[in-house]
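Data block below; observations after.
Predicted model, so just to flag it, every value in this text is computed and none were measured.
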Amino acid sequence: MSFTIFTRQADVSEFEKLKQLSRAYYDENHPVLNDAYLNWIYLENPAGKATLVLVEEEQIYIGVIALIPLVLKVNGKSQQACFAINVLTHPEHRKKSLFTKMIKFAKTYLAEENIWLLGHPNRNALPGWKRQKMQFKPEFSAYMPKFKWPFSSYKSKKITSRAELEALPETFWQQTMPENTIYLENSLAFIAWRYLDAPFSNYTVNLIQHKNNAIGLTISKPFKGPVSLMVHYASNGDAIDQVVRTNRPTLIMSSSTGNYADKLHAGCWKLPLNKTMPFFLSSWQTEQDNYDFSPLTLAVCDL
């Protein structure tokens, strides 16, 4: 049987066929089989609707990559980007190299649209992404923030509503970053959608203040026992080493190299773990400029 590969903007009308493919892997309690999750991740993103790379045979989806839009800042200018999630190929069609074909198709489509692609592929998927010449960066390593000192002037306040984010001054969202730096745009709309509105996830959003001035955010989720995983952090100044320090055990996966990473690590201990995490950012240029990628966090992939 022949099949076709194409892109389509996500729409409610696609949900049933997507869920039919997902049932080949997941039970009915999985988020990808829930309309609330699909609406949130594919349709409600303030950066735009998801683009689906689809493989269809006889009007049945046998493969999918969902490309989720986000906005990067490159030397202070906006750059459209996306990250890939919910990558599936039907188990009855594994001999057709659908995974490789979908990556090739996505690569061509994104290059034509000048949309960058980011990802932290797991070890099983890593060879496929590498064969397609994704532009891999230094792997993320494990760190633990140092505890802040008692009576520290840095305070943490839990954010539970969009209204609390809206009460922050506009200057809070205007990060000051060095030149040749690439980072995720920390807009109010993105943070609220990505973390406060997320179904099936339990994120903790903390506002970090110094002498009653808002200076940064940390966002974490449960990991193992009392330990949480910090999936995103941001500072509108040079105090990132203080921003990430918390009063509970927290794991951070961070780039091991880069000027921003050096500042971050001043407030952390490097853990003696062999666990690392691959990371790529493909801009479809033959050679990338000498940018500092270390401000990028797990915010692009921890779904």
Exercise. Are V71 and F83 grouped together when hydrophobic residues (ILVMFWY) are joined by side-chain heavy atoms under 4.5 angstrom apart?
Worked result: no
Seminar exercise, completed: d(L38 CG, L43 CG) to nearest 0.5 Å is 8.0 Å
Problem set entry | Side-chain (N122) to main-chain (A125) donor-acceptor, under 3.5 angstrom | yes
Exercise. Is there a chain of hydrophobic side chains (I, L, V, M, F, W, Y, each step under 4.5 Å between heavy atoms) that links Y183 to V205?
Worked result: no
Problem set entry | pair R245-F147: side-chain heavy atoms closer than 4.5 Å | no
Exercise. Does any non-hydrogen side-chain atom of D292 lie less than 4.5 Å from one of N180?
Worked result: no
Exercise. Any idea how Y195 and Y203 line up, ring-wise: parallel (<30°), tilted (30 to 60°), or perpendicular (>60°)?
Worked result: perpendicular
For this session: Find out whether M134 and L117 are in side-chain contact, i.e. whether some heavy atom of one side chain is under 4.5 Å from a heavy atom of the other.
Result: yes
Seminar exercise, completed: CG of N206 to CD1 of I159, rounded to nearest 0.5 Å, is 8.0 Å
Problem set entry | D238 atom CG, over 12 foreign heavy atoms within 6.0 Å | no
Exercise. Would the number of heavy atoms belonging to other residues, nucleotides or ligands and lying under 6.0 Å from NZ of K155 be above 12?
Worked result: yes
Exercise. Would a distance-only check, ignoring hydrogens and angles, find a side-chain to backbone donor-acceptor pair under 3.5 Å from K101 to V55?
Worked result: no
For this session: If the plane angle is over 60° it's perpendicular, under 30° parallel, otherwise tilted; pick one for Y154 and H210.
Result: parallel
Exercise. Between P121 and W129, which heavy-atom pair has the shortest distance, and what is it?
Worked result: CB-CD1, 3.5 Å
Exercise. How far apart are the C-alpha atoms of W116 and Q80, what are their side-chain angles, what is the distance that settles it, and do they pass the side-chain contact (heavy atoms from CB on, under 4.5 Å) test?
Worked result: CA-CA 7 Å; W116 295 6; Q80 297 300 310; over 6 Å; no
Exercise. Between T276 and F140, does a side-chain contact (heavy atoms from CB on, under 4.5 Å) hold up when you go through it step by step?
Worked result: CA-CA 5 Å; T276 58; F140 281 28; over 6 Å; no
Problem set entry | Separation of I252 CD1 from S228 OG (nearest 0.5 Å) | 9.0 Å
Problem set entry | Taking every non-hydrogen atom, the tightest pair across A142 and L273 | CB-CD1, 4.0 Å
Exercise. What is the distance from atom CZ of R131 to atom CG of L126, rounded to the nearest 0.5 Å?
Worked result: 9.5 Å
Exercise. Using a distance-only test with no angle check, is there a side-chain donor-acceptor pair under 3.5 angstrom linking Q174 and T171?
Worked result: no
Problem set entry | Any donor-acceptor N/O pair, S255 side chain to S294 backbone, under 3.5 Å | no
Exercise. When rounded to the nearest 0.5 angstrom, what distance separates NE2 in H232 from OG1 in T297?
Worked result: 4.5 Å
For this session: Measure the shortest side-chain to side-chain distance between T7 and L54 over non-hydrogen atoms and say whether it is less than 4.5 angstrom.
Result: no
For this session: For T181 and M177, indicate whether the former's side chain and the latter's backbone hold a donor-acceptor pair under 3.5 Å.
Result: no
Exercise. Ion pair present between E139 and R123, side-chain N to carboxylate O less than 4.0 angstrom?
Worked result: yes
For this session: For residues L251 and V227, report the shortest heavy-atom separation together with the two atoms involved.
Result: N-CG1, 4.1 Å
Exercise. Do you see a donor-acceptor pair shorter than 3.5 Å between the side chains of T160 and E164?
Worked result: yes
For this session: Return yes if some donor-acceptor pair links the side-chain N/O of N114 with the main-chain N/O of E112 below 3.5 Å, else return no.
Result: no
Exercise. Are side-chain heavy atoms of Y25 and P91 found at a separation under 4.5 Å?
Worked result: yes
Problem set entry | ILVMFWY network linking L281 to I85, side-chain heavy atoms under 4.5 angstrom | yes
Exercise. Does NZ belonging to K270 count more than 12 external heavy atoms closer than 6.0 Å?
Worked result: yes
Problem set entry | Single-linkage hydrophobic cluster, 4.5 Å side-chain cutoff, V87 and I5 together | yes
For this session: Looking only at non-hydrogen atoms, find the nearest pair between K275 and M253 and report the distance.
Result: O-CE, 4.1 Å
Problem set entry | Side-chain H-bond candidate by donor/acceptor type, H265 with S254, under 3.5 Å | yes
For this session: Please work out which of the three classes, parallel, tilted or perpendicular, describes the rings of Y42 and F15, given edges at 30° and 60°.
Result: tilted
Exercise. Is any side-chain N of the basic residue among K19 and E16 closer than 4.0 Å to the acidic one's carboxylate O?
Worked result: yes
Exercise. Between S78 and K73, do the side chains contain an N or O donor and an N or O acceptor separated by less than 3.5 Å?
Worked result: yes
Exercise. Between V243 and A234, what is the shortest heavy-atom contact and its length?
Worked result: CG1-O, 3.8 Å
Exercise. Does T100 reach the main-chain N or O of S97 with its side chain, forming a donor-acceptor pair under 3.5 Å?
Worked result: no
Exercise. Between atom CG of L188 and atom CH2 of W193, what is the distance when rounded to the nearest 0.5 Å?
Worked result: 14.0 Å
For this session: Determine, stepwise, if the pair W269 / Y143 fulfils ring-ring contact (aromatic ring centres under 6.0 Å, His included).
Result: CA-CA 6 Å; W269 292 293; Y143 296 83; over 10 Å; no
Exercise. Checking K137 against F280: charged group under 6.0 Å from the ring centre and within 45 degrees of the axis?
Worked result: no
For this session: For S22 and L88, run side-chain contact (heavy atoms from CB on, under 4.5 Å): C-alpha distance rounded to whole Å, both residues' side-chain angles, the deciding distance at 0.1 Å, then the answer.
Result: CA-CA 7 Å; S22 297; L88 290 177; 3.7 Å; yes
Exercise. For M230 and P145, which heavy atoms make the closest approach, and how far apart are they?
Worked result: CE-CG, 4.5 Å
Exercise. Between the main-chain N or O of E44 and the side-chain N or O of N39, is there a donor-acceptor pair closer than 3.5 Å?
Worked result: no
For this session: Decide side-chain contact (heavy atoms from CB on, under 4.5 Å) for M277 and L298; before the verdict, give the C-alpha distance in whole Å, the side-chain angles of both, and the deciding distance to 0.1 Å.
Result: CA-CA 10 Å; M277 182 176 292; L298 294 184; 3.4 Å; yes
Problem set entry | Side chain proximity check, L52 to I65, heavy atoms < 4.5 angstrom | no
Exercise. In this structure, are over 12 heavy atoms from other groups packed under 6.0 Å from N212 atom CG?
Worked result: no
Exercise. Are the side chain of N45 and the backbone of A50 linked by a donor-acceptor contact shorter than 3.5 Å?
Worked result: no
Problem set entry | Test side-chain contact (heavy atoms from CB on, under 4.5 Å) applied to L207 and L217, L165, I215, the passing residue | L217
For this session: Report yes if some heavy atom in the side chain of E56 is under 4.5 Å from a heavy atom in the side chain of K17; otherwise report no.
Result: yes
Problem set entry | Residues D241 and K146 bridged, charged N to O under 4.0 Å | no
Exercise. In the single-linkage hydrophobic clustering (I, L, V, M, F, W, Y; side-chain heavy atoms under 4.5 Å), do I219 and L118 co-cluster?
Worked result: yes
Exercise. With a 4.5 Å limit on heavy-atom distance, are the side chains of I62 and F3 in contact?
Worked result: yes
Exercise. Can you check whether D35's main-chain N or O pairs, donor with acceptor, with W40's side chain at less than 3.5 Å?
Worked result: no
Exercise. With distance as the sole test, does W284 use its side chain to make a donor-acceptor pair with the main-chain N or O of I115 at under 3.5 Å?
Worked result: yes
